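Taking it in order: structure first as structure tokens, then the write-up.
From a predicted model like this one, the values you see are computed outputs, not experimental measurements. Protein chains get the first letters and strands the later ones, always in sequence-line order, with residue 1 at the start of each.
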Amino acid sequence: MPPETILQKENNFSEWYSEILKRAEILDIRYPVKGVYVWYPYGYKLRKLIYEILQSLLDKEHEEVLFPLLIPRDELMKEKEHIKGFEEEVFWVTKGGSTELEIPLALRPTSETAIYPVFKVWIRSHRDLPLRVYQIVNTFRYETKHTRPLIRVREITSFKEAHTAHASRAAAEDQIKRAVALYKNFFDQLAIPYVITRRPDWDKFPGAEYSLAFDTVMPDGRTMQIGTIHLLGESFARTFDIKYEDKDGALKFVNQTCYGISERCVASVIAIHGDDHGLILPPEVAPIQVVIVPIVFSSGGEGNIEVKQVEEACFTVQEALKKAGIRTFVDNSEERPGAKYYRWEMKGVPLRLEIGPRDLRNNRCEFVRRNDFKRVHVPLSEVVPEVKRTLKEIHEEIHEKAKETLRSNIHKSEGIGADKSAEEMEELRRRAGRGIVSLFLCERERCGNELEEQLGVSVLGEVYEPEGGEKNEGGCLICSEKAKRIYAARAY
RNA sequence: GGGGUUGUAGGGUAGCUUGGUCUAUCCUUCGGCGUUCGGGACGCCGAGACCUGAGUUCAAAUCUCAGCAACCCCA
């Protein structure tokens with residue numbers, strides 16, 4: 001177990017987070033423009049592996065496309081509700097050289113208005129449906145609040161947005177379910193626990209009929225939205241005139257959905273699994289899954305022959321692991337072993353193998369797991385299957401731990417209605433400062449605002465898939481009328 | 001949306017109150033050489049900085065204003 005830690009995740013998450021981004025070489029925040037950052041090679045590899053999982057899931061029933069960054073003003077402005085939600089956040093390109101542009105071009109804040117005019121010409125017949133596409137692009141939002149690397153940014157560098165069009169409302173609803181399943185699968189592979197809610201009407205995606213959202217709880221107790229899924233219905237189809245000819249010859253509007261995930265999913269992996277020693281990456285997405293540290297300078301005696309043997313053994317093991325598809329790195333740099341341990345722990349490598357002369361004499365090596373620093377000896381002949389087994393185990397362990405943390409951060413309030421006492425409210429308020437409070441609230445915006453103000457929280461929304469056996473209806477905490485179970489929390 | 005703090009080598013800092021021997025401190029980092037080496041080694045040599053702009057002044061890292069950026073708090 002490493003004796004020294006400098007970082008303190010629990011006491012000061014903010015500081016921990018920015019230190020980790022720097023020390024683990026995920027993101028360089030020194031670019032001199034507010035809210036935009038540079039991906040280091042290591043961070044970019046992590047991003048790439050995470051998005052490869054997402055793509056492999058999407059590719060089963062979506063096709064990847066690439067739409068332009070620039071959107072003409074008139075298209076962007078077409079959907080009234082939509083633009084209302086975004087207009088204060090749009091970056092504009094107004095000049096070409098020194099020439100003022102006749103029609104200003106927006107940097108996409110999201111791509112509905114870039115994609116849907118093209119859907120109009122792509123979609124002619126019911127045979128063109130369902131149409132399911134996605135792209136992974138950068139989008140720009142002029143955030144006025146505090147920007148935070150990967151969490152609130154002005155350039156979203158990794159916005160995965162899927163857009164689908166269907167012949168019927170039922171088909172679109174079905175797609176929503178598929179998207180939920182897909183996102184669940186994705187976050188499970190990242191070992192990230194989540195809650196799913198239906199956002200309140202006053203907080204849905206601008207232009208959508210309703211929005212579902214995945215949120216996770218960060219170490220400081222605030223929630224972070226990590227995925228959203230929207231049923232657009234016919235609203236955009238009517239605005240952009242996206243129609244198809246049905247079997248009976250009738251022209252009908254398509255029914256649409258869209259759903260997105262951004263680099264916040266990378267932030268969640270970093271924030272949720274890491275500890276005071278640095279990152280802990282789920283093996284699935286770790287750029288280096290196994291680091292092999294040769295212990296080559298045995299004290300006392302002429303070690304030359306041993307040095308060679310140790311190095312050879314390391315590379316032999318690496319070859320075997322690589323053949324088994326495991327991303328393996330041999331750190332035979334000049335540093336002392338301890339310095340290497342610290343570095344790779346900071347970078348979150350899930351499993352470290354140590355091979356020294358002592359091990360070699362016994363035909364074994366040592367495994368050290370990043371998540372709990374447990375150390376075991378493994379015979380060299382069993383390294384490959386043992387590595388596979390251990391990596392799987394590590395994934396399960398960090399997933400379980402994260403799920404437990406999330407569970408413990410959900411506070412259910414039973415039986416507190418509109419007649420609640422000041423003490424009960426104070427208790428709720430206290431709980432809401434750290435994690436999610438679960439309570440009954442009606443759908444009215446007034447009650448939502450009232451609750452948000454009194455508890456200092458945001459309403460996440462109605463619980464999407466309530467647990468079986470749980471009481472899911474009650475009197476609204478504010479007005480005591482019939483209400484459903486909702487989640488609320490301080491949110492990022 | 002409102003308020004506050006900060007900006008000095010790649011990273012972290014001292015100096016700023018009271019302008020002048022600041023030719024800018026210390027730690028870390030980086031390059032070289034040597035001794036080391038089963039949890040962040042040590043010695044010697046070398047490299048590297050006052051956010052940008054304007055102002056005040058004989059003189060600005062230090063004072064004033066603006067910009068840019070980062071961080072924190074409240075709503």
N-O pairing of A:Arg375 and A:Glu366 below 4.0 Å | yes

Find every protein N or O atom lying less than 3.5 Å from an N or O atom of nucleotides 9-12 of chain B, and list the pairs.
residue, atom, partner, partner atom, Å
B:rG10, O3', A:Arg30, NH1, 2.8
B:rG10, O2', A:Arg30, NH1, 2.9

Could you give me the CA-CA distance, side-chain angles and deciding distance for A:Phe91 and A:Tyr142, then say whether ring-ring contact (aromatic ring centres under 6.0 Å, His included) is met?
-> CA-CA 6 Å; A:Phe91 275 95; A:Tyr142 185 77; 5.5 Å; yes

Using atom P of each nucleotide, how far apart are B:rA70 and B:rG12 to the nearest Å?
-> 14 Å

Quick one: on RNA chain B, does A:Arg343 or A:Ser18 contact a more 5' nucleotide (nearest heavy atom)?
-> A:Arg343

Give none if B:rG55 has no partner; otherwise give the nucleotide forming a Watson-Crick or G-U wobble pair with it, both distances under 3.5 Å.
-> B:rC63

Which value, in whole Å, describes the distance between the C1' atoms of nucleotides B:rC42 and B:rU5?
-> 40 Å

Could you check whether A:Glu366 gets within reach of a base, just the sugar-phosphate, or nothing at all, counting any heavy atom under 4.0 Å?
-> base

Do the ring centers of A:Phe367 and A:His377 come within less than 6.0 Å of each other?
-> no

Produce a footprint string for nucleotides 44-53 of chain B: one letter per nucleotide, 5' end first; B if the base is under 4.0 Å from any protein heavy atom, S if only the sugar-phosphate is, - if neither.
-> ----------

Whole-Å C1' distance, B:rA60 and B:rC65 = 15 Å

Is there a donor N/O on one and an acceptor N/O on the other, under 3.5 Å, for the side chain of A:His146 and the base of B:rC72?
-> yes

Would you kindly check whether a donor in the side chain of A:Glu335 faces an acceptor in the base of B:rG40, or vice versa, at under 3.5 angstrom?
-> no

Atom CZ of A:Arg222 to atom P of B:rC74: distance rounded to whole Å?
-> 10 Å

A:Arg352 has a side chain; which of B:rA70, B:rG39, B:rU36 sits nearest to it?
-> B:rG39

Run the salt-bridge test on A:Arg369 and A:Glu397 with the 4.0 Å N-O cut-off and return the result as yes or no.
-> yes

Is there a Watson-Crick or G-U wobble partner for B:rG34 with both distances under 3.5 Å, and if so, which one is it?
-> B:rC42

When you compare B:rG32 with B:rG53, how far apart are their P atoms, in angstrom units rounded to a whole number?
-> 35 Å

Which whole number of Å gives the distance between the P atom of B:rC71 and that of B:rU8?
-> 14 Å

In terms of the nearest nucleotide of RNA chain B, which residue is placed more toward the 5' end: A:Tyr341 or A:Thr144?
-> A:Thr144

What integer distance in Å separates A:Arg490:CZ from B:rC72:P?
-> 12 Å

Determine the interatomic distance between P on B:rA61 and the same-named atom on B:rU21; round to the nearest Å.
-> 9 Å

Give the rounded distance in Å between these two atoms: CZ of A:Arg336 and C1' of B:rU36.
-> 6 Å

What distance, rounded to whole Å, do you find between the two P atoms, one in B:rG15 and one in B:rA9?
-> 16 Å

If pairing requires Watson-Crick or G-U wobble contacts with both distances under 3.5 Å, which nucleotide is the partner of B:rU21?
-> none

Any strand: nucleotide that pairs with B:rA14 via Watson-Crick or wobble, under 3.5 Å | none

May I have the distance from A:Ile29 (atom CD1) to B:rA69 (atom C1'), rounded to whole angstrom?
-> 10 Å

What's the shortest heavy-atom distance between A:Ser235 and A:Gly207, and which atoms?
-> OG-O, 2.8 Å

If pairing requires Watson-Crick or G-U wobble contacts with both distances under 3.5 Å, which nucleotide is the partner of B:rC68?
-> B:rG7

From the list B:rG40, B:rG39, B:rC72, which nucleotide is the closest neighbour of the side chain of A:Ala339?
-> B:rG40

Determine, for A:Arg352 against A:Glu354, whether the closest basic-nitrogen to carboxylate-oxygen distance falls under 4.0 angstrom.
-> yes

Do the charged groups of A:Arg444 and A:Glu481 touch, with an N to O distance under 4.0 Å?
-> yes

What heavy-atom pair brings A:Cys442 and A:Cys479 nearest, and what distance separates the two atoms?
-> SG-SG, 3.8 Å

Parallel under 30°, tilted from 30 to 60°, perpendicular over 60°: which one fits the rings of A:Phe214 and A:Tyr194?
-> tilted

Whole Å only: how far is the CD atom of A:Glu452 from the P atom of B:rG1?
-> 18 Å

Can you check whether A:Ser111's main-chain N or O pairs, donor with acceptor, with A:Glu161's side chain at less than 3.5 Å?
-> yes

Please state how far atom CD in A:Glu354 lies from atom C1' in B:rG38, giving the value in whole angstrom units.
-> 7 Å

Electrostatic pair A:Asp331-A:Arg343, nearest N-O below 4.0 angstrom = yes

Between B:rA69, B:rG38, B:rG40, which nucleotide has the shortest distance from any of its atoms to the side chain of A:Tyr342?
-> B:rG40

Checking B:rU36, B:rG39, B:rC72 against the side chain of A:Ser14 (C-beta onward), the nearest is B:rC72

Rounded interatomic separation in angstrom, taking CG from A:Asn362 and P from B:rG38 = 19 Å

Quickly work out the A:Glu311 CD to B:rG38 C1' distance and round it to whole Å.
-> 16 Å

Decide, yes or no, whether a salt bridge links A:Arg47 with A:Glu263 under the criterion of side-chain N to carboxylate O below 4.0 Å.
-> no

Counting only Watson-Crick or G-U wobble pairs whose two distances fall under 3.5 Å, which nucleotide matches B:rG1?
-> B:rC74

When the C1' atoms of B:rC26 and B:rA69 are considered, how many whole Å apart are they?
-> 26 Å

G-U wobble or Watson-Crick pairing nucleotide for B:rG48 (cut-off 3.5 Å, both distances) | none

